[in-house]
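Computed from a predicted model, the values in this text were never measured in an experiment.
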Amino acid sequence: MHPEPVDHSPRQSFPWAVLGQRWEDLTFLHWAVDPALVAPLLPAGTRPDTLDGVSHVGLIGFRMVGLGFGRGPGVPYFGTFWETNVRLYSVDDLGRRAVVFRSLDASRLVPVLVARATLRLPYLWSSMRMDRDGDRLTYRCRRRRRWPGPAGTTSRMVVRVGEQVDDPTPLEHFVTARWGLHTRAYGRTLHLPNWHPRWPLHRAELLHLDDELVAAAGLPAPVGPPVSVLYSPGVGVRFGPPVAVRRPG
C-alpha cells in the first residue's frame, strides 16, 4: 500500500469531532534520523515514514488553548496549557501518514492523567513557559520531580521568527502536513485523525538549544543544527474518533 499524498490542506476525513482545541505559538525543530533507529519505537502495524529515504524526529513547543469536547467550549483552566512534544513520523498499512509521540510534556496535570488513561499517550507533567521579546521566543520545560522518571529532565530552546513561508519546501510540508496520530492502547494500535486549516508558517532561526527531552525519549540526542526550523502563530484543530489499525485484505 502506497502512502497517501502529503496534502497541506485536505478535507476533513471524519463526520464529527470528539475534541476541539487551538494550537498557538508553535516552534518546530527537526533533525534527520535513520529509519532503522525509529522502527522499533513505533506501534505495531506502522513503519517509519520517510522523505528521500530519511526519517525525522521533531521537538515542538507550543500553547494548547481551549481544549474541549466536540464542538463545545473549551474546558476552563484545564483546557489551556503549554506543551512540548517529541515526535516521529509513521505510516500504516492503509497508507495513512501520522505522527507518533515519544513524549508529551504538559503544564496541567489533569489533561496528562486523562490522556494517559484513555489513549495511553506518553504525557508527562512538567513546569513550562514561553517568553517573548519581539521576534525572539524562549521555551522552557522541566519535568516535575514527583512524576515517575525521568524526573527533572529539561529543555530550553530560543528561536528568532523570520519571514512568512509562501511556498513550503517538500520537507516543510512533510513534517507539518500531518492529519492523524498513531498510538498503542490496550493491545491495539489506533489511528486518531485530525483536521485544521493550512498552516501559516514562518521560517525561524535557532539561537540556542539545551535539550534533554529527545534523548529521554529513546532517540539519539540532537547533534548539529536542525534540518528545519519553523514557527506558526497557530490554527484551530479538530480530532475525530480513533479507529483500530488493521491490515488490508
Practice item. With rounding to the nearest 0.5 Å, note down the distance linking CZ in R132 to CG in L137. Key: 5.0 Å

Practice item. Please examine the side chains of R120 and Y186, heavy atoms only from C-beta on, and report whether any two atoms are closer than 4.5 Å. Key: yes

Review point. Below 4.5 Å, heavy atoms only, C-beta onward: do F28 and S232 meet side chain to side chain?
Key: yes

Practice item. Decide, yes or no, whether a salt bridge links D49 with R178 under the criterion of side-chain N to carboxylate O below 4.0 Å. Key: yes

**Study point:** From OG (S228) to CG (L201), nearest 0.5 Å
**Key:** 9.0 Å

Check your understanding: Does the side chain of V54 come within less than 4.5 Å of P35's, by heavy atoms?
Key -> no

Practice item. Flag yes if F81 and V235 sit in one hydrophobic cluster, no otherwise; membership is Ile, Leu, Val, Met, Phe, Trp, Tyr, and two members link when side-chain heavy atoms are under 4.5 Å apart. Key: yes

Exercise for review: Test R203 against E172 for side-chain contact (heavy atoms from CB on, under 4.5 Å), laying out the working first.
Suggested key: CA-CA 10 Å; R203 295 201 175 96; E172 290 166 344; 2.7 Å; yes

Check your understanding: How far does CG of D131 sit from CZ of R136, to the nearest 0.5 angstrom?
Key -> 10.5 Å

Check your understanding: Relative to the ring of H30, is the ring of H56 parallel (under 30°), tilted (30 to 60°) or perpendicular (over 60°)?
Key -> perpendicular

Review point. Does a side-chain heavy-atom distance below 4.5 Å link P168 with T176?
Key: no

Point to revise | Closest contact, heavy atoms only, L59 versus W31 | key: CB-CZ3, 4.0 Å

**Study point:** Exercise: identify the closest heavy-atom pair between M157 and G61
**Key:** CE-N, 3.5 Å

Exercise for review: Identify the two heavy atoms, one from F14 and one from P241, that lie closest to each other, and give their separation to 0.1 Å.
Suggested key: CB-CD, 4.4 Å

Check your understanding: Just by distance, with hydrogens left out, do T46 and H182 show a side-chain donor and acceptor under 3.5 Å apart?
Key -> no

Practice item. Look up atom CG in D7 and atom NE2 in H173, then write down how far apart they are to the nearest 0.5 Å. Key: 9.0 Å

**Study point:** Chi angles and distances behind the side-chain contact (heavy atoms from CB on, under 4.5 Å) call for L88, F101
**Key:** CA-CA 6 Å; L88 302 173; F101 292 110; over 6 Å; no

Check your understanding: Between G45 and V245, what is the shortest heavy-atom contact and its length?
Key -> O-CG1, 4.0 Å

Review point. Going from NE2 on H2 to CG on L94, what distance comes out if it is rounded to the nearest 0.5 angstrom?
Key: 14.0 Å

Practice item. Decide whether Y123 and D105 meet the rule of one side-chain donor and one side-chain acceptor closer than 3.5 Å. Key: no

Point to revise | Pair E4 + R97: basic N to acidic O under 4.0 Å | key: no

Point to revise | In one Ile/Leu/Val/Met/Phe/Trp/Tyr side-chain cluster, 4.5 Å: V38, L181 | key: no

Point to revise | Derivation of the side-chain contact (heavy atoms from CB on, under 4.5 Å) call for W179 and H196 | key: CA-CA 8 Å; W179 308 105; H196 57 73; 3.5 Å; yes

**Study point:** Heavy-atom side-chain proximity of L37 to P220 below 4.5 angstrom
**Key:** yes

Review point. Is L206 close to L29 at the side-chain level, that is, under 4.5 Å between some pair of heavy atoms?
Key: yes

Practice item. Write down the atom of P233, the atom of H202, and the distance for their closest heavy-atom approach. Key: CD-CD2, 4.1 Å

Practice item. Look only at the side chain of E212 and the backbone of T154, and say whether a donor-acceptor pair between them is shorter than 3.5 Å. Key: yes

Review point. Would Y89 and V227 show up in the same hydrophobic cluster when neighbours are defined by side-chain heavy atoms closer than 4.5 Å?
Key: yes

Check your understanding: Should T183 and P43 count as side-chain neighbours, where that means a heavy-atom distance under 4.5 Å?
Key -> no

Practice item. Enter the distance from R63:CZ to M128:CE here, rounded to the nearest 0.5 Å. Key: 13.0 Å

**Study point:** Heavy-atom closest contact (V91 atom, P3 atom, distance)
**Key:** CG2-CB, 3.9 Å

Practice item. Indicate if V165 and W199 have the same hydrophobic cluster label, given that clusters are the connected sets of ILVMFWY residues with side-chain heavy-atom separations under 4.5 angstrom. Key: yes

Exercise for review: Report the C-alpha separation of R87 and I60 in whole Å, then their side-chain angles, then the decisive distance to 0.1 Å, and conclude whether the side-chain contact (heavy atoms from CB on, under 4.5 Å) test is met.
Suggested key: CA-CA 8 Å; R87 73 188 199 186; I60 294 92; 3.6 Å; yes

Exercise for review: Report yes or no: do S127 and R142 form a side-chain donor-acceptor pair below 3.5 Å?
Suggested key: no

**Study point:** SB check D93 R47 (cutoff 4.0 Å)
**Key:** yes

Check your understanding: Please walk me through it: do S126 and R143 pass side-chain hydrogen bond (donor to acceptor under 3.5 Å, both in side chains)?
Key -> CA-CA 4 Å; S126 300; R143 288 184 183 158; 4.5 Å; no

Review point. Quick one: are V86 and L219 in side-chain contact, heavy atoms under 4.5 Å?
Key: yes

Check your understanding: Can you get from W125 to L213 by hopping between Ile, Leu, Val, Met, Phe, Trp and Tyr side chains that sit under 4.5 Å apart?
Key -> no

Review point. With a 3.5 Å cut-off and no angle check, do the side chains of T27 and Y139 form a donor-acceptor pair?
Key: yes

Check your understanding: Any side-chain donor-acceptor pair under 3.5 Å between R156 and H208?
Key -> yes

Check your understanding: Is the count of non-hydrogen atoms from other residues, nucleotides or ligands lying under 6.0 Å from D52 atom CG greater than 12?
Key -> no

Practice item. Answer yes or no: are there more than 12 heavy-atom neighbours, outside R22 itself, under 6.0 Å from its atom CZ? Key: yes

